Every structure is written in structure tokens, then in C-alpha cells.
Amino acid sequence: MERNLKELIDQMTLEEKAGMCSGLDFWHLKGVERLGIPSVMVSDGPHGLRKQDEAADHLGINDSIKAVCFPPAVLSACSFDRELMRTFGDAIGKEAQANDLSVVLGPAVNIKRSPLCGRNFEYYSEDPYLAGETAAAFIEGVQTHHVGTSIKHFAANNQEYNRMSCSSNVDERTLREIYLPAFETAVKKSQPYTVMCSYNKLNGTFASENAWLLTSVLRDEWGFEGYVMSDWGAVNERVAGLKAGLELEMPASGGINDQEIINAVKDGSLDKAVLNQAVERILCIIFQYADHREEQKFTLEADHALAKQIAQESMVLLKNESVLPLANEEKIVFIGEFAAKPRYQGGGSSHINSYKVSSILDAIAGQPNITYVKGFSADKDSYEETLAEEAVNAAQNADKVVIFAGLPDSFESEGYDRTHMRLPDCQNRLIEEIISVQSEVIVVLHNGSPVEMPWLPKVKGLLEAYLGGQAVGEALADILFGKVNPSGKLAETLPCKLSDNPSYLTFGNGEAVEYNEGLFVGYRYYDKKEMPVAFPFGYGLSYTTFVYSNLTVSQSEISDSDTLTVTVDVTNTGSTEGKEIVQLYVRDLTDAVQRPLKELKGFDKVSLKPGETKTASFTLDYRSFAWYHTGIQDWYAKTGDYEILIGASSRDIRLTQKVHLNTEKKLPLNVHMNTTLGELLSDERTIPFGLDFKNRMDAFFGAPTDTPDIDSSSSKEAISDAMNNAMIASMPLRNVLTFGLVSKEDLQKMLDKINSL
Ligand code: BGC
């Protein structure tokens with residue numbers, strides 16, 4: 001049904017319009033009954049519905065409806081599977097329609113800058129490409145049902161400490177290349193109905209009133225069509241926010257901010273066209289949902305099965321020295337209370353009231369070869385002698401031991417950050433004790449963010465289950481016993497220790513956090529620094545093996561407007577069916593600017609029977625090679641060579657291929673008195689001028705010899721040819737003046753000529 005929203009808005013009073021710009025209560029938008037505008041409900045999300053009815057709050061204190069808790073983002077991102085994420089979103093969309101929810105508050109795509117961020121479990125990745133692709137697929141799935149999403153938290157909300165007032169101070173290139181692209185991809189590919197602005201300030205201005213962010217970038221550049229809502233309580237100055245592009249304040253502000261809007265229109269400080277436009281955007285989304293109500297029949301059981309599938313496709317096998325899969329005839333001991341009470345989701349606003357939870361003990365019930373001993377409590381860090389002794393004794397007499405370790409709820413949550421990266425001491429101690437009496441030890445981790453693993457070299461198996469959603473136990477049992485072949489890969493680097501992390505020195509600081517590490521987040525940093533890591537980004541094992549061959553590119557030379565197709569064959573060389581995540585990274589060989597050694601620009605997941613070969617395929621374009629040039633406020637890739645790297649992880653590159661890119665984009669020349677000779681000589685347009693100046697310099701200082709420096713005279717010892725060359729290269733043009741090599745007028749003429757090229 002086509003609606004004439006402008007006509008509708010014409011019939012609204014100023015009070016009704018201002019009212020549309022904030023919530024009715026915690027979860028509803030206001031409606032205008034007399035005009036047929038319904039009051040619609042929104043709800044968290046995103047890995048399940050947290051629909052609250054009575055006594056609403058946004059911190060998960062009060063119960064919400066019983067729903068399916070799917071795996072949180074920390075795990076689902078490890079699937080590297082767009083189709084699966086679409087199916088996940090589709091299920092959420094159906095559940096939302098059936099529960100009368102117009103918008104689901106997610107996905108959350110903030111970049112994992114530090115392992116300490118309390119909400120890392122809600123975020124997808126340290127890599128913007130993976131986060132963007134994953135989010136876009138999820139959004140597409142939800143919105144096929146005319147239920148909106150609210151991609152959040154826009155932007156640079158990477159810590160919980162002082163989250164409602166702290167300023168994230170990030171240079172523009174870093175923002176464009178690391179912290180914004182996940183939002184950008186999702187907006188361009190899937191048009192989320194809404195965007196949720198974050199609590200924090202961005203470079204000193206609250207996100208909720210940041211016109212550059214909410215309007216220039218989001219709407220004008222990316223073409224966002226929906227409405228922006230505030231995070232719950234993120235509004236600072238309401239009128240300034242509305243002008244900047246914040247249409248909806250959530251939750252209700254007791255009428256106070258509505259009144260400010262009314263006053264501002266009345267006193268002329270707010271153009272009523274701005275208000276009308278905001279109302280139109282909000283109404284458009286309300287009716288997008290209200291006019292497309294679907295009769296939805298979903299069953300909790302079917303969605304539970306999907307939650308199990310997502311967990312199975314995402315858990316990451318990190319180490320397997322011929323110890324997994326477990327066999328039914330083996331005498332196995334399970335240790336750790338997480339086996340009975342799994343930690344499968346995080347705390348805070350995304351907390352789901354799960355309609356059921358399967359532990360691994362539920363899943364293996366009735367298997368006589370498995371014994372369970374508690375060993376330690378899942379909810380606290382306390383070494384209990386009797387429990388530990390019992391565990392060590394049981395371990396001694398087993399064929400294999402599986403320790404279910406992890407972080408207690410109190411260790412990580414929305415609202416605060418971790419202060420260290422360790423497991424509870426009691427768990428580390430018990431793991432060491434068990435290793436000392438048993439060699440066949442497997443550790444299964446339940447955590448929302450990386451942990452240090454001092455015992456890693458001594459265990460034979462390690463499965464990163466992260467937070468597995470309510471079907472975690474069934475998923476784990478199938479993987480551990482080999483019914484399902486693990487196929488997840490890490491969406492983040494697991495560093496050896498916290499102090500290795502690039503944000504270590506600045507994370508969580510008081511009123512402003514300087515993102516000094518710039519672009520070098522996650523593997524971009526560890527790789528550049530050639531640092532060892534516990535497990536690299538993109539890493540994950542399988543019960544089978546894969547061989548990569550036959551890398552092809554559709555052309556070896558490309559221009560700005562070309563797309564490049566890259567294909568590679570993958571063969572399952574083992575005896576088990578399995579799935580492989582093939583990753584494509586790009587390396588810039590042009591030396592144009594400081595860049596990471598490689599950046600993820602494509603991934604594909606292929607399912608292969610034993611002996612089978614399939615072709616993974618990727619499409620690259622100019623942007624895949626480009627970096628953000630703040631001077632031209634645009635993406636730029638210099639003419640030159642680039643390398644395509646095909647890998648099984650960021651540190652397991654199997655095949656490479658060089659391609660040559662020719663760009664027609666020219667950087668504007670801005671040559672001035674302090675431009676150096678070296679800079680002139682590095683741009684082909686200015687080389688002739690550079691050479692001219694260089695010759696004058698050489699004549700003045702004496703040209704360096706090309707022969708090795710065998711002159712042992714003291715002047716040559718003091719100033720070598722290499723030093724002479726370096727000095728000339730770094731010489732600003734003003735010096736050719738002061739050395740009397742050119743007149744001021746002539747130099748200015750030359751500069752004008754160069755700058756007009
Ligand atoms: C969180 C959001 C959430 C909202 C509503 C806020 O505190 O930051 O992620 O969607 O509450 O519960």
C-alpha cells in the first residue's frame with residue numbers, strides 16, 4: 001500500500017511530530033491513534049528476542065519472554081558463512097513478526113580493538129570486512145520479513161568503561177578503514193531500517209549529535225535511507241541531535257526533550273523542515289512493518305535446531321594432536337562445571353530468557369563410558385581441594401579427559417571491561433594438575449573474548465566453543481564425537497598475552513581514549529610486528545585436510561573500473577566430509593603509504609566430500625585494493641603491483657598471485673616551499689622538476705660517485721655518498737633558494753607550473 005506520508009505529516013500537530021521523535025516507554029514508539037499511526041515495539045536482539053512486557057528495563061534485570069538463544073556474534077562470525085547468517089536473520093525476522101516486534105536491536109558490529117572490552121561477545125570481529133559481510137547477510141535475512149534491524153553502536157564504541165561520556169579519538173583514515181566499514185558495507189548492501197548511534201563521543205562530539213557521522217557520512221556518502229535511533233539514554237542535547245541527524249530518541253525522555261523540540265521550532269532555532277523530515281523517516285519505517293504484517297508460524301524447537309547448527313558450523317578446533325574425535329569405546333572423564341552448566345551467552349541487554357538449554361551432559365546422557373566430575377565451580381574463582389582431588393583421581397584412570405573451562409558470568413559483561421585476560425586461577429591450576437597425571441587432555445573453552453592459555457603446549461586438544469547459544473551441549477557433543485566435522489575459523493586473533501595487544505597502553509582510559517595504534521588492529525598489528533600469537537585470525541582445524549591449487553585471476557592487469565574474478569580449487573584430501581573457509585587477502589606492493597601487510601578482502605566456505613574438489617570464487621574491485629586518502633577524502637590505490645594471497649588463515653598463505661593495477665585517479669599536486677626533493681622524485685608528474693633541482697644541488701655539493709666508497713679521506717668519512725643522497729632527498733625546496741641556486745621568482749613560477757599540472 002502506497003502511503004502519502006507528507007500528507008499525513010501535514011495533519012499532525014507540532015506536539016505530535018515532536019512526540020514521534022522519542023519513545024513512548026522503554027520499548028515502544030509513540031503512535032497517533034486519530035491518524036492511524038500505530039505504536040510499534042522494538043526489542044533486543046540480536047541473537048534472540050528479548051521482548052519485555054511488564055516492568056521493562058534495558059539491562060536485562062527483568063525477565064523477558066521465553067525465546068531461543070542463538071549463538072552470540074562472537075561465535076556466529078566464526079562460521080564465515082553468509083548463507084548461514086542469512087538463515088539466522090530469517091529466523092529472527094519470523095520470530096519478531098510472530099511476537100509483534102517492528103525492529104530487532106542489532107546486529108552489533110563494533111570492532112574488537114582489545115580483548116578486554118566487556119561486550120566483545122556481542123561483536124563479530126577485529127576485521128571490518130568480515131564484520132560487514134556477516135552483518136549484511138544477517139540484516140538481509142531479518143528484513144525479508146519487513147522487520148527492521150538496528151545496526152549498532154555507531155560508532156567507535158569499543159570499550160565499556162565510561163561508555164556514556166568517553167571520547168574515542170580516532171584519526172579519519174583509521175575510522176574509514178577500520179571502525180566504519182562494517183556499517184558502510186551493511187548500509188550499502190542491505191539498508192538496515194535503522195542505525196543505533198553509540199553512547200560515546202567521537203573525536204570530542206557525542207555520536208548522538210555528530211552531524212559528520214550521522215548525516216555527511218551515513219546519509220550523504222553511503223545513502224542510508226532509514227532512521228537513526230539513539231542508544232538507550234545516549235542523547236545529550238536533543239535539538240542539536242535532531243539537527244545532526246538523530247531522528248529517534250530512545251527510550252522515552254519523560255516529555256522533556258519533546259518539549260525542547262517544540263520550543264526550538266517555536267522560537268525559530270529549529271527549522272520545522274528538519275522535524276518534518278525526521279518524522280517522515282520514522283513513519284516510513286513504522287509503516288514498512290505495519291503494512292506488511294505476516295502470519296508467522298515458527299516453532300521454538302525448529303529454531304533450537306538452527307541454533308545448534310549455527311554453533312556447529314562456528315566452533316573452532318584450535319589444536320588436535322590425534323586426540324579428537326572421541327570414540328564411544330574410550331573411557332572418558334568430563335571435568336568442569338561448565339559441562340553441566342554451560343556458559344552460552346553474555347550478560348546485559350542482549351541476555352535471552354532461553355526456553356531451554358542443553359548442556360553436554362544432557363547431550364551424552366546414557367553413555368556409560370563417560371564420567372563427570374565437577375572439579376571447579378563455573379561461577380566463581382575458588383580452588384576447592386576436594387573437588388580438585390576428585391578430578392585429578394578420575395583423570396588418572398581415564399583414557400582421555402575433556403576439561404570444560406571458561407569465564408564465569410562475572411568476568412565479562414556489558415557495562416564493564418575486563419582488567420586481565422586470564423581464566424580464573426582455580427581453573428588454570430586444575431588444568432596443570434590434570435596435565436601432570438594425564439597426557440590425553442582436551443580443553444573446551446566457554447568465553448566471550450580471548451583468554452591466556454599458559455597450559456597450551458601441554459594439552460593435546462583445544463576447542464574454542466566461545467558462547468554457544470542454548471544448544472551448546474548438543475553442538476559440542478556432535479563435534480567432540482566426530483558426528484560433525486568442525487569448520488569454524490577465528491574471527492579474531494588470540495594473542496599470547498594481553499600486553500601484546502596494540503591498544504594495551506591506551507585502552508579504557510578516563511575521558512578520552514586515543515586510538516594511537518591507528519590502523520594496526522588485530523592481525524594488521526601482529527603481522528606487521530612479526531609477533532608470535534597463540535592462534536592467528538582466520539585459523540581453525542578440521543578432522544579432514546584440504547589442498548589448495550590452481551589459483552587463477554580473470555586478468556593480470558586491471559583498471560579502476562574493472563572487477564577481478566579470482567578462483568582457487570580446494571580438494572578434500574582426507575577421509576571425512578568437511579567444510580573449508582578459504583580466505584583472500586590483498587597486499588599492497590606499491591609503497592604508496594604505510595599499510596598493513598595484508599587485509600582480508602574475500603572469503604568463501606566450501607563443503608567437500610572426501611576426494612572432492614570445488615572452486616572457491618571471489619570478486620575484487622578498486623576498493624579492495626584501496627586505502628582512504630584524507631587529502632582527497634576518497635579511496636585511493638596507487639598504480640602498481642598488488643599481491644593476492646589465498647590462505648587457510650591469515651598466517652597460512654597457500655597461494656599467491658601478483659596483479660597490476662592502473663588507476664586514473666590522480667592525487668592533486670600541492671608542491672610548496674617545504675616539499676622535499678625526494679617527494680618530487682617519487683611522483684612521475686614531478687620527476688623532471690625534481691631532477692632539475694637535484695642536478696643543481698649535485699653541482700653545488702658535488703655529485704655522489706656511483707662506485708663503492710673507497711675514498712678514505714676524512715671528508716668522505718664524515719659525509720658518505722649515501723648520506724649525501726639522503727640529505728638531498730629530504731631537502732625542502734626552500735633550500736635551493738637559500739643556496740642561491742634559483743631566484744625566488746623563478747622558484748615560485750616553477751611551483752605554480754607544477755601545481756597546475
Ligand atoms: C545497549 C544497546 C541496547 C539497548 C536497549 C543499551 O544499553 O547499549 O545495545 O540495544 O540498551 O536494551
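All values derive from a computational prediction rather than experimental measurement. Ligands are counted one by one from 1 in listed order, and the atoms in each one are counted from 1 as well.
Checked by distance only, ligand 1 and E414 come closer than 3.5 Å through their nitrogen or oxygen atoms. For the pair W27 and ligand 1, the shortest N or O to N or O distance does not fall below 3.5 Å. Looking at H153 next to ligand 1, an N or O pair under 3.5 Å apart turns up.
Between F338 and H446, a ring centre-to-centre spacing shorter than 6.0 Å is recorded. Residues F520 and Y525 place their aromatic rings such that the two centres sit no closer than 6.0 Å. In summary, the aromatic rings of Y179 and Y515 are positioned with their centroids under 6.0 Å apart. For F88 and F138, the ring centers sit closer than 6.0 Å to each other.
Heavy-atom separations between M250 and ligand 1 are all 4.0 Å or longer.
The heavy atom nearest to atom 3 (C) of ligand 1, out of those in D44, V42, L105, is found in D44. Across the listed options D231, N157, V104, D231 owns the non-hydrogen atom lying nearest to atom 4 (C) of ligand 1.
Of all the atoms in ligand 1, the ones that sit under 4.0 Å from a non-hydrogen atom of M196 are 10 (O). Every atom of ligand 1 is numbered from 1 in the order shown, and the set under 4.0 Å from a heavy atom of K152 is 2 (C), 3 (C), 9 (O), 10 (O). When each atom of ligand 1 is checked for a heavy atom of Y199 under 4.0 Å away, the hits are 6 (C), 7 (O), 8 (O).
When non-hydrogen atoms are compared, ligand 1 lies under 4.0 Å from neither the backbone nor the side chain of M229. With a 4.0 Å cut-off on non-hydrogen atoms, Q52 does not touch ligand 1 at all. The side chain of R50, and not its backbone, has at least one atom closer than 4.0 Å to an atom of ligand 1 (non-hydrogen atoms only; side chain from C-beta on).
E313 pairs by the salt bridge (charged side-chain N to carboxylate O under 4.0 Å, His left out) definition with K579, K605, not counting sequence neighbours. Under the side-chain hydrogen bond (donor to acceptor under 3.5 Å, both in side chains) criterion, Q309 pairs with no residue, sequence neighbours left out.
A parallel orientation is assigned to the rings of H292 and H146, their planes being inclined by less than 30° (bins at 30° and 60°).
At a threshold of 4.0 Å, the pair E599-R524 counts as salt-bridged, since one of the basic side-chain nitrogens sits closer than that to a carboxylate oxygen.
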